[in-house]
Amino acid sequence: MISFDEAKQRVLEQIGPIQAAPEEVPLRQALGRVLAQPVVAPAPVPNHDNSAMDGYAVRSADLTGQAVTLRVVAEVAAGARLLTPLQPGEAIRIMTGAPIPPGSDCVVMQEQAQRQGDWVTIPPGQQPGQHIRPAGEDIAAGSTIFPAGRRLSAADLGLLTALGRLTVPLYRPLRVALLSTGNELVESGTPLEPGQIYDSNRAALHGALRCLGVEVLDLGIVRDDRAALEAAFQRGGAEADAFISTGGVSVGDYDLVKEMLAKDGKIHFWQVSMKPGKPQAYGQLGKAHFFGLPGNPVSSLTVFLLIVRPALLKMMGALPEAPRQFQACFRGQWQKRHSRMEFLRGIAHFTPSEAQPDQAPWVEVTGAQGSGILTSLAKANVFIILPEGPVQLTDGQPVTVQWIDYV
Ligand code: AMP
Ligand code: MG
């Protein structure tokens, strides 16, 4: 059995960005997708010097050590432009975002100026260049604002629009086949016969895949039957970049996924020394990377979040990001006797508790931690990471936690 770190590393080593020509996509459809090429600014942002305040544009040469009264000769608002240069002794009423008039090199805040009719009195203490946002202060012309591999955020879409972009070159969306195995599974909406359960794994994984913005090829529920599995495997292996199944990778009599993967594809490894999530298989099926996840609901989603998600992001072309881990103060007691690495589901709190007012962030387990208890993961915002070997956690002990990232 290989360690969690080795499993993750071996998966990431096998995987590279999908090879396809970039597609030019309108910005409104680009959120969460990955740039296939860097973006270089064709022009500065902002593209003209402009006022950061409502006030008066003046010449700093006119300002002496004392209060100075200037004649207000014009007004300029955002969207307008003045061409006549400011002359000595003059001021221009200016609004936030308006271009700085030629000849002016200083903006005085309206709150500091005293206006009377056509005249304005400026108190001493103004600095040349103040309250002016120079052209290019945000983005210099010719600079690379995003490298290839950037996953576009909402702020990124704003920046790209500020640059005048309408479209961006992106990796094509990833196609991921998804199925559940198990004779006990039924689609929600159907009444349950004794012994049956609803297919919660596929619902959770479908949601997790949608968070990544991939295209899901939903292959439904497949019975624990060699022919049925083979048919589904053939379709997913031919059409998808990645293939995710749940259930059937353990050692029971009806656990056929591993057997069929070995027959129709290739197994790179099976079983990982982690809890939850020991029974899992990674391999290749047709042109798809195959992730055979455990059947237990907590296990399948945990393995997805910790191993499959980083792998899919790499396939999507995204630059690698370290898992968001930090130290927190453990509250409660926990004893681990088994040797596997464990990912307890926890709730991290960022404000101190009454009991320990000087300790934050602190973390507690979400309650019972069985791998079938999906509420343990639903309530959690972090995994509490317990290393291999026996661990005894007591109140107040520091622990490493990892933020649960879906998006
Ligand atoms: P397996 O690995 O197939 O033996 O499944 C382990 C446990 O997970 C069993 O209790 C299954 O009933 C349960 N399980 C398997 N697949 C699902 C699923 N799609 N949704 C909910 N529970 C499941
Ligand atoms: Mg099963």
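Both counts, for ligands and for their atoms, begin at 1 and track the order of listing. Note that the numbering runs from 1 along the sequence shown for the chain.
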Dump the pairs for me: ligand 1 N or O, protein N or O, distance under 3.5 Å, to 0.1 Å.
{"from": "ligand 1", "atom 1": "2 (O)", "to": "Gly295", "atom 2": "N", "distance (Å)": "3.4"}
{"from": "ligand 1", "atom 1": "3 (O)", "to": "Gly248", "atom 2": "N", "distance (Å)": "2.9"}
{"from": "ligand 1", "atom 1": "8 (O)", "to": "Gly295", "atom 2": "O", "distance (Å)": "3.2"}
{"from": "ligand 1", "atom 1": "8 (O)", "to": "Asn296", "atom 2": "N", "distance (Å)": "3.2"}
{"from": "ligand 1", "atom 1": "12 (O)", "to": "Glu184", "atom 2": "OE2", "distance (Å)": "2.5"}
{"from": "ligand 1", "atom 1": "14 (N)", "to": "Gly295", "atom 2": "O", "distance (Å)": "3.2"}
{"from": "ligand 1", "atom 1": "19 (N)", "to": "Asp199", "atom 2": "OD1", "distance (Å)": "2.7"}
{"from": "ligand 1", "atom 1": "19 (N)", "to": "Asn201", "atom 2": "ND2", "distance (Å)": "3.4"}
{"from": "ligand 1", "atom 1": "20 (N)", "to": "Ser200", "atom 2": "N", "distance (Å)": "3.2"}
{"from": "ligand 1", "atom 1": "20 (N)", "to": "Asn201", "atom 2": "N", "distance (Å)": "3.3"}

### Task
State yes or no: are the ring centers of Phe291 and Phe304 separated by less than 6.0 Å?
no
### Message
Just checking Tyr254: does its OH atom have more than 12 heavy atoms from other residues, nucleotides or ligands closer to it than 6.0 angstrom?
### Response
no
### Message
Counting only heavy atoms not in Asp253 (residues, nucleotides, ligands), do more than 12 fall under 6.0 Å from its CG?
### Response
no
### Task
Indicate yes or no: at least one non-hydrogen side-chain atom of Gln280 is less than 4.5 angstrom from one of Gln271.
no
### Query
Any sub-3.5 Å donor-acceptor pair from Thr181's side-chain atoms to Asp224's backbone N or O?
no
### Query
Taking atom CD of Glu111 as the centre, does the number of heavy atoms from other residues, nucleotides or ligands within less than 6.0 Å exceed 12?
yes
